[in-house]
Each structure stands twice: as C-alpha cells, then as structure tokens.
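What follows is a single structure, written as structure tokens, with notes after it.
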Amino acid sequence: MTIKADPTEFAGKRVLISGGTKGLGRATVDRFLTGGARVITSARGTLEPIDGVEFVQADLTTAAGGEALAKAALERLGGIDILAHVLGGSTTPGGGFLALTDDHWLSELNLNLLATVRLDRLLIPQMIERGSGVVVHVTSIQSVLPLPDATTAYASAKAALRTYSKSISKELGPKGVRVNVVSPGWIMTEGTDKFLKRIQAANGGTIEDARQLVLAGLGGIAIGRGAEPFEVAEAIAFLASDRASSIHGSELVVDGGTVPTV
C-alpha cells in the first residue's frame, strides 16, 4: 500500500517529533518530510544522519534531555509549529503487578508521560505567544484495554497522558493551539519482537505462544493484523494538518477494530 502525500502540505512548518529515529517515530519523521516540513528529533544515542532532519542527542526521560531538545529546536528552527509526541514504550517484565518495582513504575512514567509534559511546558508557550500551533500526543489503546500480565505500568502512564491531553486542550484551544491524541493498537515495529520476548520469558513457551497470549488479552484484532507504522503516522499527520483545523480535544483510535466498545 502506498499513500501519496502532498509535498507542500507542511511547507514552512517546523515540526518536532519526539522518538523519531525508529518505529512509528521514524515513520512520522518520514511523513512530515514528505509533506515539506522542517523536522527536528532526538535519541539517547548517536545515529546516522537523516537527510533533512535536525538531530539532538538527548535522553527525554530526564528534565535535562527535554531542555536540550527544546533549546535546540528554538535556536535552530526559530520555533516549533507542530509538536508530535511519539516517544513511548514499555520495558517492564511480565508477571503482573507484583513484578513491578518502584523503579519500573518511575521508568514508565518518565518515558510515557513526563517526557511529553516537560516538552509541552517548554515549547507550547511560544505557540501561545503566536496564537497558533498544533500538538499531537500518541497514547495507546492500552489506556482503556490494559494487559495485566505485562503492561499495567505502561497502560497507566498512557491513561494519564490521555487525561492530561484532554485537560490542556480545554486550556489551549481558546489560545489558538489545537491538541489531539492518536491512540494506536498493536503496531508492527521492531519493538514488537522485544515485547513478545519479555512475555515469553515470563510465561515460557514460544514466541508464537506469547503472540497468542497478547492477542487473547486484546480480544483479537478485527482486521486480522497490526498496523504498519506509516498507517499510524498518516493519522498523526492528518491531525496536525489544516485538513483537521476544527478537530480539537479529540482522540483518533488506530487499532484495526481491537477495542470492542464504542
């Protein structure tokens, strides 16, 4: 499947994408580049340059990392028009809530909630000053459909991000800044394999057993497959675009029909 993007859709737009070096984040970077945007992103380690992308080495799970990225964005691009918060993931072990230590909880909260909150606090003020800007937070259907064996802390952090997003949308809408949420289901990235290996380590069996355990916990995926990263990136780009100029404080679910309720 190919999606033809308008190469001028984001011309002149300055876009910051957190977690933009792999998986969904990299697909999102590519989508905005295709639309003509100027893009800045970061990662904890070094990486090969991405053509057309400003890069900052920063650990966004720390306050210092968020400050470094925000400072670079303001200095190199002169400001940010679109904030796409894609950073996230889970590294906690399987085994239910008793397997989670305070360190596990703090790690998930820093990665999936506070990294976003800090960047918002640093970069949204310049949007308010201009009276325009777009913020897209990537949460997860785990916020309403957690897997108790393996994603309790992650799901809780994403649920907090979802609530935070709704709250700031009420504050920022009258100031010209749109805020929306994209909630993906299972995305077929390299992180999927790592996640399944953690499930396998906690429960034994094969990787396929782990896959079936996750699918059973989700109740299946109606279209029979997880989403490709570019499909979710397209949803992020849509909400950031002028095509969605009246969409605010909303959640766009991209889960192939996984969540069984309306």
Considering all heavy atoms of both residues, which atom of [X] and which atom of [Y] are nearest to each other, and what is their separation?
X	Y	answer
P93	A99	CG-O, 4.0 Å
I221	G256	CG2-O, 3.8 Å
P146	P148	O-CD, 3.4 Å
Q142	Y154	CG-CE2, 3.7 Å
G257	A222	O-CB, 3.8 Å
N112	A157	CB-CB, 3.7 Å

Using modelled atom types only, decide if a donor and an acceptor are shared between the side chain of [X] and the backbone of [Y] within a distance under 3.5 Å.
X	Y	value
S245	S241	no
K166	G249	yes
T62	G65	yes
Q126	L123	yes
S18	L87	yes
T34	D30	yes
S250	I247	no
T41	I17	yes
R130	P125	no
R76	F55	yes

Exercise for review: For side-chain contact (heavy atoms from CB on, under 4.5 Å), just list the numbers for L24 and F230, CA-CA rounded to whole Å, side-chain angles, deciding distance to a tenth of an Å, and then say yes or no.
Suggested key: CA-CA 7 Å; L24 173 59; F230 78 88; over 6 Å; no

Would you kindly say whether [X] and [Y] are connected by a side-chain donor-acceptor distance under 3.5 Å?
X	Y	result
T206	D209	yes
T139	S183	yes
Q57	S42	no
H104	S107	no
N180	H137	no
D103	T101	no

Would you indicate whether the side-chain heavy atoms of [Y] and [X] approach each other to under 4.5 Å?
X	Y	value
N110	R118	yes
W105	L100	yes
K197	I207	yes
V253	D255	yes

**Study point:** V86 reachable from L161 in the ILVMFWY side-chain graph, under 4.5 Å edges
**Key:** no

Do [X] and [Y] sit within salt-bridge range, that is, some charged N less than 4.0 Å from a carboxylate O?
X	Y	value
K13	D81	no
R31	E9	yes
E129	K175	no

Review point. Going through the checks in order, is the salt bridge (Lys or Arg N to Asp or Glu O under 4.0 Å) test met by K158 and E108?
Key: CA-CA 9 Å; K158 287 298 191 181; E108 297 295 86; over 6 Å; no

Exercise for review: Identify which one of V232, I187, V138 satisfies the side chain to side chain contact (heavy atoms under 4.5 Å, CB included) criterion when paired with V254.
Suggested key: V232

Revision key, fill the gap. Which of I124, V136, V179, V134 passes side chain to side chain contact (heavy atoms under 4.5 Å, CB included) with L83? It is I124

Review point. Would you call the rings of F32 and F10 parallel, tilted or perpendicular if under 30° counts as parallel and over 60° as perpendicular?
Key: tilted

Point to revise | From CA spacing to verdict: side-chain contact (heavy atoms from CB on, under 4.5 Å), L196, E208 | key: CA-CA 9 Å; L196 292 176; E208 183 56 31; over 6 Å; no

Check your understanding: Would L122 and K71 count as a side-chain contact (heavy atoms from CB on, under 4.5 Å) if you check the C-alpha gap in whole Å, the side-chain angles of each, and the deciding distance to 0.1 Å?
Key -> CA-CA 9 Å; L122 291 164; K71 181 180 179 182; over 6 Å; no

Review point. When you look at T61 and R44, which way does the side-chain contact (heavy atoms from CB on, under 4.5 Å) test go after all the steps?
Key: CA-CA 9 Å; T61 66; R44 295 181 186 182; 3.3 Å; yes

Check your understanding: Looking at CZ of R178 and CD1 of I82, how far apart are the two atoms once the value is rounded to the nearest 0.5 Å?
Key -> 8.5 Å

